[in-house]
2 protein chains.
Amino acid sequence: METTGTPRRVTLTPAARRILGAAARLFYERGIHAVGVDLIAAEAGVTKKTLYDRFGSKEQIVVEYLADRDERWRAVLARHLEAAGPEPAARVLAVFDASRAWSAEHGAKGCGMVNAHAEISDPSHPAHAVITGQKQWMLTLFTGLLGDDAGDVAGRIAPEEAGRLGRILMLLHEGALVAHGLRVFADPFVQAREEARTLLAAAGGAAAAR
Amino acid sequence: METTGTPRRVTLTPAARRILGAAARLFYERGIHAVGVDLIAAEAGVTKKTLYDRFGSKEQIVVEYLADRDERWRAVLARHLEAAGPEPAARVLAVFDASRAWSAEHGAKGCGMVNAHAEISDPSHPAHAVITGQKQWMLTLFTGLLGDDAGDVAGRIAPEEAGRLGRILMLLHEGALVAHGLRVFADPFVQAREEARTLLAAAGGAAAAR
DNA sequence: AGGTTGGTAAACAGATCGGTATACCTGTGC
DNA sequence: GCACAGGTATACCGATCTGTTTACCAACCT
């Protein structure tokens, strides 16, 4: 599973790192349009000139923010997947565990990609590809965990069934992100994980019986 | 099922109606912060003075936009529920049908409430209550359709099970809204509806067997 | 010794933001 | 006959927006 994209268009000097850190926090908490570059510079303890020397434009900071957030999420996810072992069911459940841990620390307002998408109308905006890219990647992850990437392990299921089940898992996962961000009810990731477990047990049972 | 809230803080003169219509379209398509009052007034064919005479502030237009969108969604939903008849399972599936129809016409960018929430950081903002109110109402709807509101019809299930299943349906529904808005895959409402049907069949079967 | 890199400090530019003010017009109800 | 509600048209306000400019400084690499 390669970590595609993110060729890092910007050299991350110490100041640039502080800018990106401040921007990430502010963009996520208050929204992209609501945060000005002056505020980002002030919070990073940096002058506006430095900010524009490093990033060139606010738009570029937005792209870098999203790409960086995606990268950090995938790193957290990779750790959970590694700890889960080779069984498809365990690996799928590990995704929900990873999301629960991630959201507890960085997800008080739900999915940063979905939130950014709400503020970006232009589909040709470079951030748009980062956003939809992550969602596509997550869908491929779910279906891949159940099908192709499962290898010859017990619990692997047929491709068409992996596609269908992967999409359902995707819906549960996205729903949990929203429910968490809007505090619809407590512990949505646990709820989603439990449902995923039931689904996998049925599918795995059927696969084992086949 | 009462349509609570929305006491309409504003007298809807013809001009005000055009303002609200233009604001609704622009806010949803481009985001709230990205749209200025000058643009709203211009699109509505109205002067800024009229706009401020009717609504008093942009914030008020935002609140009215969300409350109105919520109201119109509930009207569409009510029609679908009415056509579905008294059986809980049919009524739950009707929610997904309603969302599919609604999203095909007004949902190209996903859930307007979730998108607005992404732009509003202040929890004391009057729009915040409208947003979380709708989500809570939807959760109550799902659990109610399966439990209390089901009356003495066949297919009614135990309260704790209605709560659990209602939350799962909520996750599927929110996930489908996101998947639709970000075009993660085709026809997410159909996918969610199919899964809901499977879940309801299992729960209803268990209830019937009890 | 000297150029390059990564900074600070601070002023500035042009546009746009939400919101207000003044003057004038028109239909309706009493 | 006349006030009033609901408008148009237009100019204006201070604040904030993204982005630029000029001047100076310290560290590092050759």
Side-chain angles (χ1 to χ4, degrees), chain A residues 8-66 116 118-122 124-128, chain B residues 8-66 116 118-122 124-128:
Chain A
R8 182 120 287 145
R9 304 149 182 87
V10 170
T11 28
L12 279 191
T13 64
R17 218 175 288 272
R18 277 184 349 250
I19 291 168
L20 199 51
R25 186 175 54 82
L26 290 167
F27 284 159
Y28 181 74
E29 286 176 3
R30 307 191 193 179
I32 292 170
H33 284 311
V35 172
V37 289
D38 298 78
L39 179 58
I40 296 173
E43 291 276 301
V46 149
T47 55
K48 269 210 294 181
K49 180 170 182 300
T50 301
L51 186 151
Y52 275 95
D53 281 350
R54 292 299 118 219
F55 293 90
S57 69
K58 180 185 177 179
E59 184 176 275
Q60 189 60 46
I61 302 181
V62 173
V63 173
E64 224 65 38
Y65 149 58
L66 291 172
E119 296 202 69
I120 298 173
S121 49
D122 180 13
S124 72
H125 191 295
H128 206 271
Chain B
R8 182 120 288 144
R9 305 150 181 87
V10 170
T11 28
L12 279 191
T13 64
R17 218 175 288 272
R18 284 191 337 260
I19 292 167
L20 200 51
R25 186 176 54 81
L26 291 166
F27 283 158
Y28 181 72
E29 286 175 4
R30 306 190 194 179
I32 291 169
H33 280 132
V35 172
V37 290
D38 297 79
L39 179 59
I40 296 173
E43 291 275 301
V46 149
T47 55
K48 269 211 292 181
K49 179 172 181 299
T50 302
L51 187 150
Y52 275 95
D53 281 351
R54 293 299 119 218
F55 293 89
S57 70
K58 180 185 177 179
E59 184 176 275
Q60 188 61 46
I61 302 181
V62 173
V63 173
E64 224 65 38
Y65 150 58
L66 292 172
E119 296 203 68
I120 298 172
S121 49
D122 181 13
S124 73
H125 191 295
H128 206 269

Protein-nucleotide distance (H33(A), atom NE2; dT18(D), atom P), rounded to Å
10 Å
Quick one: does E119(B)'s side chain have a donor or acceptor within less than 3.5 Å of a partner on H33(B)'s backbone?
yes
To the nearest angstrom, the CG-C1' distance between L51(A) and dG6(C) comes to 14 Å
Just the rounded figure in Å: distance from P of dG7(C) to CZ of R17(A).
11 Å
State, to 0.1 Å, how close A23(A) and I61(A) come at their nearest heavy-atom pair, and which atoms those are.
CB-CG2, 3.6 Å
Using side-chain contact (heavy atoms from CB on, under 4.5 Å), reason through L39(A) and R30(A) one step at a time and then give a plain yes or no.
CA-CA 12 Å; L39(A) 179 58; R30(A) 307 191 193 179; 3.4 Å; yes
Starting at the 5' end of DNA chain D, which residue's closest nucleotide do you reach first, G56(A) or A34(A)?
A34(A)
May I have the distance from L39(B) (atom CG) to dC17(C) (atom C1'), rounded to whole angstrom?
13 Å
Checking E43(B) side chain against A22(B) main chain: does a donor-acceptor pair fall under 3.5 Å?
no
Atom-pair distance (CG on D38(A); C1' on dA9(C)), nearest Å:
14 Å
Distances under 3.5 Å between nitrogen or oxygen atoms of protein and nucleotides 5-9 of chain D:
residue, atom, partner, partner atom, Å
dG6(D), OP2, R54(B), NH2, 3.4
dG7(D), OP1, T13(B), OG1, 2.9
dG7(D), OP1, A15(B), N, 3.1
dG7(D), OP2, T13(B), OG1, 3.1
dG7(D), OP2, R54(B), NE, 3.3
dT8(D), OP1, G45(B), O, 3.2
dT8(D), OP2, T47(B), N, 3.4
dT8(D), OP2, T47(B), OG1, 3.4
dT8(D), OP2, T50(B), OG1, 2.8

Whole Å only: how far is the NZ atom of K58(B) from the P atom of dC17(C)?
8 Å
Are the side chain of R18(B) and the backbone of G45(B) linked by a donor-acceptor contact shorter than 3.5 Å?
yes
Tell me every residue that passes salt bridge (charged side-chain N to carboxylate O under 4.0 Å, His left out) with E59(A), counting only those two or more places apart in sequence or in another chain.
none
Whole angstrom is fine here: how far is it from CZ in F55(A) over to C1' in dT18(D)?
16 Å
I32(B) atom CD1 is separated from dG18(C) atom C1', nearest whole Å, by 15 Å
